[in-house]
Amino acid sequence: MKITVVGSGGWGTALALLLLENGNDVTLWSYHEAESKILRETHENPMLKGVPLPEELKFTTDLAAVKGCGLVVLATPSFAVRSTAAQLKNLMDPGTIVVSVSKGIEKDSSLRLSQVIEQELDGKCPVVVLSGPSHAEEVGRHIPTGVVAAADDLAVAQKVQDTFMNKRFRVYTSDDKVGTEICAALKNIIALCAGCCDGMGYGDNTKALLMTRGLAEMARLGVALGGKKETFTGLAGVGDLIVTCCSMHSRNRRCGILIGQGMPVEEAVKEIGAVVEGYYAAANARTLAQKAGVEMPIAQAAYEVLYEGRDVHGVVADLMTRAKRSEHDESWEPLAQ
Ligand SMILES: NC(=O)c1ccc[n+]([C@@H]2O[C@H](COP(=O)([O-])OP(=O)(O)OC[C@H]3O[C@@H](n4cnc5c(N)ncnc54)[C@H](O)[C@@H]3O)[C@@H](O)[C@H]2O)c1
């Protein structure tokens, strides 16, 4: 099948290699000409050091490459999804499957990224969300990995499963796009917080507390928006949360470590040198949670540190001294607005 991967960061490149390995005719689109030139000339992506890019992989900066494709992967940072999808509108053949692999929530509109793509493409292409515990660095090195392909129409999710799956990359189908995308966006906030805890010298107890309560509030929002509770205990939920909060591959966690060690937020985000989705997600999730009337104390604390200059120790003290409650007295109903 002819496939174009739009976005040549670490993730787009790792997926392009996987799809090429599965026998497809793959083109990798770069936003910057300079980036495409490096890929073409060095046959290596600096974001995926040590992973050779084979001769058969094509490189372009022309979005017209999506014409005639059976499947297009959208792998830009979340802030660029709308502008990129808008440019694709008149180029895509109706019916081409779009696989959304970016993780985030759109600023201002608070829309999930598949909703943004659907809007821009006028609903003429089915959109599938691919998400799960999958560091590009490991997928690029053929480390066994498992993800979820979520779509409204399970037959389309199965097509994506067939296209991506191989003996080192396992794909499960799901009909819960809402839950899958909320997991994908929110886990990056929790990973930033996990990094902060590490940077502040806290231990495993703190991280386990943060991840578990973080998952509870992710699910609270996801279910209020129509997602399925079980998605949050699956690969896109707890699976991705484990990988992002515990690994040094996670740029969100690494950014959090710097902040926890006392580096100013803007400097820490810059220091990482690649998109830190949790930074954007903290602001966008807060807006979304407020609109849905859902309480998210950890995401709120992250927002206060990232955007209001609050001290990390102060927000931890606030979280630890919140009102007493029973672990399972969560109401799955939205709070009164
Ligand atoms: N890296 C991973 O392991 C991984 C895994 C799963 C999902 N993701 C998600 O995939 C998305 C991309 O992540 P990445 O790791 O490949 O990013 P990256 O930081 O490695 O690369 C970002 C890419 O976006 C391009 N870009 C920058 N501005 C752009 C614009 N305005 N329009 C279009 N493209 C632009 C850059 O040229 C670069 O190629 C993110 O949403 C991320 O959360 C990443």
Side-chain angles (χ1 to χ4, degrees), residues 4-18 28-39 44-49 51 53 59-63 66 72-88 99-107 112-114 116-117 120 129-141 143 145-149 164 169 171 180-192 235-236 239-241 243-244 247-255 269-282 284-285:
T4 294
V5 177
V6 176
S8 63
W11 192 220
T13 303
L15 289 176
L17 289 172
L18 175 80
L28 183 56
W29 174 90
S30 297
Y31 179 61
H32 297 289
E33 178 52 46
E35 204 170 300
S36 196
K37 190 166 181 266
I38 291 174
L39 303 181
E44 187 181 51
N45 186 331
M47 307 304 283
L48 273 190
K49 286 213 168 68
V51 177
L53 306 180
F59 305 106
T60 188
T61 52
D62 184 357
L63 275 179
V66 301
V72 168
V73 180
L74 256 188
T76 68
S78 63
F79 64 75
V81 166
R82 185 176 292 278
S83 57
T84 309
Q87 293 174 69
L88 291 175
V99 181
S100 170
V101 302
S102 310
K103 295 182 175 177
I105 294 164
E106 191 180 45
K107 191 170 182 276
R112 289 176 284 107
L113 300 179
S114 70
V116 172
I117 299 166
E120 290 300 329
V129 176
L130 191 82
S131 188
S134 49
H135 290 310
E137 294 84 346
E138 295 190 1
V139 172
R141 287 190 290 119
I143 303 279
T145 298
V147 298
V148 173
F164 282 76
F169 196 81
V171 183
T180 304
E181 286 187 292
I182 292 299
C183 287
L186 268 52
K187 60 95 194 183
N188 285 328
I189 307 172
I190 309 300
L192 253 166
L235 282 168
D240 210 357
L241 197 62
V243 106
T244 330
S247 167
M248 280 308 277
H249 286 311
S250 165
R251 53 192 71 165
N252 291 286
R253 176 174 172 238
R254 280 189 281 123
C255 182
V269 171
K270 219 184 219 168
E271 173 78 21
I272 296 303
V275 59
V276 180
E277 290 283 16
Y279 175 71
Y280 304 104
N284 303 337

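Sequential numbering from 1 along the given sequence is applied to the chain's residues. Each ligand, and each atom within it, is numbered from 1 in the order the structure gives.
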Report yes or no: does E181 contribute a side-chain atom to a donor-acceptor pair with the main-chain N or O of V129 at less than 3.5 Å?
-> no

Kindly identify the option in V275, L113, T76 whose heavy atom sits closest to atom 11 (C) of ligand 1.
-> T76

Per atom 17 (O) of ligand 1, closest listed option by heavy atom (H32, E277, R251) | R251

Distance to 0.1 Å, residue and atom name: give those for the protein heavy atom nearest to atom 9 (C) of ligand 1.
-> V101 O, 3.5 Å

For A75 and ligand 1, does the shortest N/O to N/O distance drop below 3.5 Å?
-> no

Examine the proximity of ligand 1 to Y31 and report which part, side chain or backbone, both or neither, has a heavy atom under 4.0 Å away.
-> side chain

Is there any side chain to side chain donor-acceptor pair (under 3.5 Å) pair reaching into residues 269-281, and which pairs are they, with sequence neighbours excluded?
-> S78-E277

Distance from S134 atom OG to I143 atom CD1, nearest 0.5 Å?
-> 13.0 Å

Ligand 1 versus K103, non-hydrogen atoms closer than 4.0 Å: side chain, backbone, both, neither?
-> both

Does a side-chain N-to-carboxylate-O contact under 4.0 Å join E44 and K49?
-> no

Okay, side chain of R254, backbone of I272: is any donor-acceptor separation there less than 3.5 Å?
-> no

Which atoms form the tightest heavy-atom contact between A86 and E120, and what is the distance?
-> CB-OE1, 3.3 Å

Please name all residues satisfying side-chain hydrogen bond (donor to acceptor under 3.5 Å, both in side chains) with T13, sequence neighbours left out, ordered by chain then number.
-> N45

Among K187, E138, Q87, E35, whose heavy atom sits nearest atom 39 (O) of ligand 1?
-> E35

Numbered atoms and elements of ligand 1 in range of M47, under 4.0 angstrom, heavy atoms | 20 (O)

Does at least one non-hydrogen atom of H249 fall below 4.0 angstrom from an atom of ligand 1?
-> no

Within the 4.0 Å heavy-atom cut-off, what T13 brings close to ligand 1 is neither

Check L192 against G278 and note the closest heavy-atom contact, atom names and distance.
-> CD1-C, 3.4 Å

Which ligand 1 atoms are under 4.0 Å away from a heavy-atom of A136?
-> 1 (N), 2 (C), 3 (O)

Rounded distance [0.5 Å steps], OG in S8 versus CZ in F59 = 9.0 Å

Just heavy atoms, cut-off under 4.0 Å: does R82 contact ligand 1 by side chain, backbone, both, or neither?
-> neither

Could you tell me the residue and atom name of the protein heavy atom closest to atom 20 (O) of ligand 1, and the distance to it rounded to 0.1 Å?
-> G10 N, 3.0 Å

Contact with ligand 1 for S134, non-hydrogen, under 4.0 angstrom | yes

Just how far is it from atom CG of L186 to atom NZ of K103, taken to the nearest 0.5 Å?
-> 12.5 Å

Whether S8 lies under 4.0 Å from ligand 1, heavy atom = yes

Tell me, which protein residue and heavy-atom name are nearest atom 21 (O) of ligand 1, and how many Å apart are they?
-> G9 CA, 3.2 Å

Ranked by distance from atom 25 (C) of ligand 1, the top protein heavy atom is P77 CD, 3.9 Å

Would you find a donor on one side and an acceptor on the other, under 3.5 Å apart, between the side chain of Q87 and the backbone of S83?
-> yes

State, with a plain yes or no, whether a side-chain heavy atom of V269 is found less than 4.5 Å away from one of C255.
-> yes

Can you tell me which residue and heavy atom of the protein come closest to atom 6 (C) of ligand 1, and the distance to 0.1 Å?
-> W11 NE1, 3.2 Å

For H135, the atoms of ligand 1 under 4.0 Å from one of its heavy atoms are 3 (O)

